[in-house]
> 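Supplied in structure tokens, the structure appears directly below.
Keep in mind it's a predicted model, so treat the numbers as computed, not measured. The sequence lines fix the lettering, A, B, ..., with proteins before strands; numbering per chain opens at 1.
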Amino acid sequence: MAHASELPCDGDGVCMLCKKTPLEEEKLLCKTCVTPWHVSCLTHPPESMSSVLQWECPDCSPAPVDTGNASQASSVTNANVVAGGNANLIAAIRAIEADKSLSDAEKAKKRQELMSGGVVSEVDTENGKEKGNKDVLDVLGGTFSCSFCMQLPERPVTTPCGHNFCLKCFQKWVGQGKRTCAKCRSDIPSKMASQPRINSALVVAIRMARMAKSTSSVMPDKVYHFMHNQDRPDKAFTTERAKKSGKANACSGKIFVTVPPDHFGPILAENDPERNQGVLVGEFWEDRMECRQWGVHLPHVAGIAGQSDYGAQSVALSGGYEDDEDHGEWFLYTGSGGRDLSGNKRTNKEQSFDQKFDKMNEALRVSCKKGYPVRVVRSHKEKRSSYAPESGVRYDGIYRIEKCWRKVGIQGYKVCRYLFVRCDNEPAPWTSDEHGDRPRSLPVIKELKNATDVSERKETPAWDYDEEHGWRWTRAPPISRKAVQKANPEDRQRARKAIRQAQNFSVRERLLKEFSCLICRKVMTLPLTTPCAHNFCKPCLEGAFAGQAFVRERTREGGRSLRARKNVMKCPSCPTDISDFLQNPQVNRELMDLIESLQRQSKDETGDSSEGAADGSEDSKPEGEDDNGELGPEGRDTVDGGDKELQTPRKRKKTENGSCIGKEGGKLKESPDSHEIVEAGNDSPSSPLHVRSDPEDC
DNA sequence: GGTACAGAGACT
DNA sequence: AGTCTCTGTACC
């Protein structure tokens, strides 16, 4: 955060520091949150014109801390920008805005080019072969933009009113006490304000489009991690007794990878006979048992996997310790112990003694000192972090522990603390960057002032970055002391086939696939994003709750009515109650526009209207995905919802818009009517259902 | 929503 | 063999 000595201009354009209203030319806009700052009041006045375009305000770009570790090269450009350059930027933006010959989409694109330092414009010079992929980004850039920064949303969050913003911009907005959508002034629910969750479908879409832009039209050789968790593992039960009492009492099951339990670093393709792709960043599992089966994090209860004399291989962020602090690319982790677990307890929220650097805590400290790569999984149980998945457990990649220390925790007892910083060659699941991490400067950790037992790495880290190879071992990984667990090589061929087929999809088709409804699995029509960041077709979601009243009337025997009770309506993908959202669900217009554009493009390209891109993403789905009746990354989530929807299909009148997408998305075998669109008159006049669509599109 | 409770496996 | 564990479920 900015110090008190660094404050931006307020909503009226008045500098909160000098209380003057600077001229437009004297203001500098943050590239991330687009908050205006008075240039002459900045602690670090700008230095060069080129960095004007990339300038981040003190709020968005934490100042580096002196770590005393010379090997920690910083690649974070801590913006120092020229004051005069800013005026040029503003003038350029003004010129774009004033250009009447440009459409809104073109203006957005131009702004983006300007703000991204001209990166996008490079695409314009690409040859015709790459035009198709460029179009994808154009469509995205023209469709999506955060209202604050006017760029493609970074870590996008979606309000219940269907508008998309960058996480940081959104947090800044609500941080100013605002509780209405910046675009339409609808109320922002308090939970959304305090715990915004990233809309992962948008992240994937934006990243894919960027990748498509930066690579040739041929898909890259490597299998990219688009969270298609195909060939999901068998259920974890083995023993009869375990089956009887369910998962509560089980954690066995086959291990799918050929890595020993003390394996450090990523799970590589060579260790994945089942799928031959390794465990990719962003893959997720229903629970810790499944996660365990892929060797990512072995213990099914404990948060730390490791050995005190050897090092720690992985950690889980599950919200079990209130001292934890998650910032995505870095987080502060709390050690284990300090709790009374007598009476056969697995955990205990109350801390009753100090933690020490022993056992697992010592294992983490060893990994810190050696600079070992540590795998990180985040669980939905972490409720305070925007970076946690809404459901299940997700692999977020490799981190390194840069420092560890002890401090007095929230509960008054000492806790072990670890600073984890991400260092993976794959981008994090929440960012639309197409590249992985670069070495970054360490964040300022205030609590270090009062820390004791501080340890940091003295030797060269075993896992480090170089420009040529990215993150990799600088020396041989520690020799495993355990035998490789038995892996099951069967189905290898089938899995490979599925991957090959998946790669054959065009970028656009893959992109469309990401926009499939979690209920019907088709490309979404009238997409809704719930407050818990799950995406559905409006008809599907409404259909799933058709016939259910929002409130339950209650009457006594005597006939006197009692106060009506609210009906809980759980999101088909997670346990969140979305009944409030369902009262007036708003279509994500930007998403809908994008889907339509992509479908139009695909249609134009193939010149075949009957089997469009959406079809490619569904009907010609790789056989492998269907083999066990479980489809796609969210397969387990959608089955119930789909059933519900089919039980209570809601009849709707067709519109050109809906039927067009419905057709492209493939027909519903079971219930052809379920994709039809509600009659316009049934909705409020402002409803996005009234969006007019070009009949020619159909 | 809160609480009691359990199997399994890894560490020591 | 004893200890520990950022789970998951049933039940109230």
> For A:E426 and A:W471, which I'm curious about, is there any donor-acceptor pair between the side chains at under 3.5 Å?
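A:E426 vs A:W471: no donor-acceptor pair found between side chains.
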> Do A:H327 and A:E325 meet the criterion of a side-chain donor-acceptor pair at a distance under 3.5 Å?
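The answer is yes; a qualifying pair exists.
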> Pick base, sugar-phosphate or nothing for A:G337, based on heavy-atom distances below 4.0 Å to the nucleic acid.
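Sugar-phosphate contact only - A:G337 comes under 4.0 Å of backbone atoms but never of a base.
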> Could you check whether the rings of A:W294 and A:F256 sit parallel, tilted or perpendicular, using 30° and 60° as the cut-offs?
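Aromatic pair A:W294/A:F256 classed parallel.
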> When you get a sec, tell me which of C:dC6, B:dC11, B:dA10 is the closest nucleotide to the side chain of A:T347?
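From the listed options, C:dC6 comes nearest.
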> Expressed as a whole number of angstroms, how long is the span from A:F420:CZ to C:dC6:C1'?
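Spelled out: CZ on A:F420 to C1' on C:dC6 is 13 Å.
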> Whenever both distances are under 3.5 Å in a Watson-Crick or G-U wobble pair, mark it; put DNA chain B into dot-bracket that way, with [ ] for crossing pairs and | when the partner is on another strand.
||||||.|||||
> Just N and O in the side chain of A:S336: are any of them under 4.0 Å from OP1 or OP2 of C:dC4?
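No.
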> Just call it for A:S308: base, sugar-phosphate, or nothing, with non-hydrogen atoms closer than 4.0 Å on any strand.
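Contact class for A:S308: sugar-phosphate only.
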> Can you tell me the distance, in whole Å, between the CE atom of A:M289 and the P atom of B:dG9?
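That distance rounds to 11 Å.
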> Carefully, step by step, assess A:D187 and A:T180 under the rule side-chain hydrogen bond (donor to acceptor under 3.5 Å, both in side chains).
CA-CA 4 Å; A:D187 285 344; A:T180 53; over 6 Å; no
> Would one find a side-chain N or O of A:K381 under 4.0 angstrom from OP1 or OP2 of C:dT7?
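A:K381 to C:dT7 OP1/OP2: side-chain N or O found under 4.0 Å.
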> Mind checking A:Y333 for me? I need base, sugar-phosphate or nothing, with any heavy atom below 4.0 Å counting as a touch.
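A:Y333: base contact, heavy atoms under 4.0 Å.
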> To the nearest Å, give me how far apart CZ (A:R292) and C1' (B:dA8) are.
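Rounded to whole Å, this separation is 8 Å.
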> Side chains of A:H263 and A:R375: does their closest heavy-atom pair fall under 4.5 Å?
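A:H263 vs A:R375: side chains touch.
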> From the list C:dG8, C:dC4, B:dA10, which nucleotide is the closest neighbour of the side chain of A:D287?
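The nucleotide sitting nearest to the side chain is C:dG8.
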> Both A:V301 and A:G306 contact DNA chain B. Which one's nearest nucleotide lies toward the 5' end?
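That would be A:V301.
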> For A:A302 and A:R288, take the nucleotide of DNA chain C holding the closest heavy atom to each; which residue's nucleotide lies nearer the 5' end?
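Here A:A302 is the residue nearer the 5' end.
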> Using a 6.0 Å distance limit plus a 45 degree cone around the ring axis, check whether A:R481 lies over the aromatic ring of A:Y310.
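Yes, cation above the ring, under 6.0 Å and within 45°.
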> Which whole-number value in Å describes the distance from A:K349 NZ to C:dT7 P?
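Rounded to whole Å, this separation is 11 Å.
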> Assess the residue pair A:E154 and A:K168 against the criterion (salt bridge (charged side-chain N to carboxylate O under 4.0 Å, His left out)); give the C-alpha distance rounded to whole Å, side-chain angles, the decisive distance to 0.1 Å, and a yes or no.
CA-CA 8 Å; A:E154 177 65 24; A:K168 277 186 176 176; over 6 Å; no
> If we check salt bridge (Lys or Arg N to Asp or Glu O under 4.0 Å) with A:D326, which of these qualifies: A:R378, A:K383, A:R422?
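For A:D326, the salt bridge (Lys or Arg N to Asp or Glu O under 4.0 Å) test succeeds with only one of A:R378, A:K383, A:R422, which is A:R378.
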> Atom CG of A:D340 to atom C1' of C:dT5: distance rounded to whole Å?
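From A:D340 CG to C:dT5 C1': 13 Å.
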> Please state how far atom NZ in A:K345 lies from atom P in C:dT9, giving the value in whole angstrom units.
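Spelled out: NZ on A:K345 to P on C:dT9 is 22 Å.
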> If you only use heavy atoms from C-beta on, which nucleotide in B:dC11, C:dT5, C:dC6 is closest to the side chain of A:K482?
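Closest nucleotide among those given: B:dC11.
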> Can you measure A:H263 atom NE2 to B:dA10 atom P for me and round it to whole angstrom units?
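After rounding, the reported distance stands at 16 Å.
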> Could you list by number each residue of residues 352-372 of chain A showing a heavy-atom separation from DNA chain B of less than 4.0 Å, or answer none if no residue does?
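Listed by number, they are A:K359, A:M360.
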> Mapping A:N344 and A:Q313 to their closest nucleotides on DNA chain B, which lands nearer the 5' end?
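Closest to the 5' end, via its nearest nucleotide, is A:N344.
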> Looking only at side-chain atoms of A:Y321, point me to the closest of B:dA10, C:dT7, C:dC6.
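Per side-chain heavy atoms of A:Y321, the pick is C:dC6.
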> Check whether the side chains of A:T158 and A:N199 place a donor and an acceptor atom closer than 3.5 Å, and report yes or no.
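A:T158 vs A:N199: donor-acceptor pair found between side chains.
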> In this structure, how many angstroms lie between the P atom of B:dG9 and the CD atom of A:Q293, rounded?
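Rounded to whole Å, this separation is 11 Å.
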> Measure from NZ or CZ of A:R339 to the centre of the six-membered ring of A:Y321 and say whether it is under 6.0 Å with the direction within 45° of the ring axis.
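A:R339 over A:Y321 ring: yes.
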